[in-house]
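Because only heavy atoms are used, hydrogens play no part in the values below, and waters and symmetry mates are left out as well, while side chains stay in.
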2 protein chains.
Amino acid sequence: MKPAVTKAILKKCDSVSRLLKSLSHPVRLKVLCSLMEKERGVNELTEFCGISQSAMSQFLARMKAEGLLESRRERNHVYYRVADQKVSRLLSAIREIYC
Amino acid sequence: MKPAVTKAILKKCDSVSRLLKSLSHPVRLKVLCSLMEKERGVNELTEFCGISQSAMSQFLARMKAEGLLESRRERNHVYYRVADQKVSRLLSAIREIYC
DNA sequence: ATATTATATTAATATTATATTATTTTGGAA
DNA sequence: TTCCAAAATAATATAATATTAATATAATAT
């Protein structure tokens with residue numbers, strides 16, 4: 001492998017692997033998949049994934065902190081949506097290959 | 001979400017997230033990336049990733065067990081290559097989006 | 001003001017993944 | 001056979017993540 005090319009790949013791999021780690025949990029992946037079409041409320045996501053409210057809240061907080069999700073509040077409900085265009089593209093590719 | 005669609009997605013997410021977990025470690029991702037072009041020896045992979053022989057061997061064994069890699073022996077050297085067509089496609093997609 | 005519902009945060013524990021070191025196996029060469 | 005290099009395995013220590021439970025906040029309704 002040419003050293004010049006090599007170095008660039010190594011760096012990219014570090015950042016990309018961090019992103020993939022975020023997608024690599026079943027709940028986080030389910031959340032992202034279900035948000036592909038449209039934004040959804042915490043309640044809906046929680047039911048969909050079949051986990052506790054607390055757990056979901058933690059997942060959502062983490063994904064938001066990582067820049068994967070954005071949220072907005074409406075009355076006493078919070079709605080989440082996918083924040084990153086590239087992540088959407090990646091999810092589409094995954095769907096195409098595996099679904 | 002329609003229950004029929006839902007159930008299929010939930011199942012897929014479980015298996016896909018397992019795969020993504022495997023790609024989500026920097027070393028494993030580097031190995032896969034460097035094997036996109038052609039097969040490579042353990043030695044070369046170890047140097048490329050900058051980890052110990054033992055650690056690399058463990059990663060390779062795991063990836064082989066998971067069906068991501070195949071290997072062949074030639075004299076006292078072992079060469080690894082990507083085993084799964086779908087994984088190759090996924091890696092290509094990742095490259096396209098992030099590199 | 002109090003109660004209720006939705007969501008978030010914190011803390012404790014359990015689980016799993018990774019790295020390290022030492023040892024073993026494999027196949028070939030002296 | 002004995003020796004050597006390459007690779008694999010085993011055992012253990014360490015670090016990272018996930019899970020669970022309890023508590024806290026936010027907004028609204030009574």
Quiz prompt | A:Glu96 atom CD, neighbour heavy-atom count above 12 within 6.0 Å | solution = no

- prompt: So, is A:Ser57 near the phosphate of C:dT7, with a side-chain N or O under 4.0 Å from OP1 or OP2?
  reply: no

Exercise. Can you check side chain to side chain contact (heavy atoms under 4.5 Å, CB included) on B:Leu45 and B:Met56, steps first, answer last?
Worked result: CA-CA 8 Å; B:Leu45 294 171; B:Met56 178 54 79; 4.1 Å; yes

| request: Using a heavy-atom cut-off of under 4.0 Å over every strand shown, decide if B:Lys64 touches base, sugar-phosphate, or nothing. | output: nothing

Separation of D:dA18 atom C1' from A:Arg28 atom CZ, nearest Å, is 9 Å

Separation of D:dA7 atom P from B:Leu45 atom CG, nearest Å, is 9 Å

Quick note, A:Gln58 side chain, CB onward, closest among D:dT19, C:dT7, D:dA5 is D:dT19

*asked:* Taking any heavy-atom pair under 4.0 Å as a contact, classify A:Tyr79: base, sugar-phosphate, or nothing.
replied: nothing

Here the helical stems involving DNA chain D, each at least 3 consecutive Watson-Crick or G-U pairs closer than 3.5 Å, sorted by first residue number, are C:1-30 with D:1-30

| task | Give the C-alpha distance, both sets of side-chain angles, the deciding distance and a yes or no for side chain to side chain contact (heavy atoms under 4.5 Å, CB included) between B:Tyr80 and B:Leu35. | result | CA-CA 8 Å; B:Tyr80 282 84; B:Leu35 294 180; 4.2 Å; yes

query: Can you check whether A:Ser34's main-chain N or O pairs, donor with acceptor, with A:Arg40's side chain at less than 3.5 Å?
result: yes

The residue, B:Arg73 or A:Ser24, whose nearest nucleotide of DNA chain D is more 5′ is B:Arg73

Going by modelled atom types, is there a donor-acceptor pair between the base of C:dT9 and the side chain of A:Ser54 at under 3.5 Å?
yes

Taken to the nearest whole Å, CD1/A:Ile51 to P/D:dA18 is 12 Å

To the nearest angstrom, the CZ-C1' distance between B:Arg62 and C:dT16 comes to 10 Å

Discussion item. Checking the side chain of A:Ser24 only, and the main-chain atoms of A:Lys21 only, is there a donor and an acceptor separated by less than 3.5 Å?
Written reply: yes

Here the distance between atom C1' of C:dT7 and atom CD of A:Gln53, to the nearest Å, is 5 Å

Taken to the nearest whole Å, CD/A:Glu44 to P/C:dT5 is 20 Å

Please determine if B:Arg18 and B:Glu66 form a salt bridge, counting it only when a charged side-chain N lies under 4.0 Å from a carboxylate O. no

Note: for A:Tyr80 and A:Lys21 on DNA chain C, the residue whose nearest nucleotide lies more 5' is A:Tyr80

B:Arg75 vs C:dA29: side-chain N/O to OP1/OP2 distance below 4.0 Å: yes

query: Quick check: does any side chain N or O of B:Arg73 sit under 3.5 Å from a backbone N or O of B:Val78, one acting as donor and the other as acceptor?
result: no

note: B:Leu60, atom CG; D:dA7, atom P; distance rounded to Å ~ 10 Å

- Query: With a non-hydrogen cut-off below 4.0 angstrom, is A:Phe59 in contact with a base, only sugar-phosphate, or nothing?
  - Reply: sugar-phosphate

From NE2 of A:His25 across to C1' of D:dT19 the rounded distance in Å is 9 Å

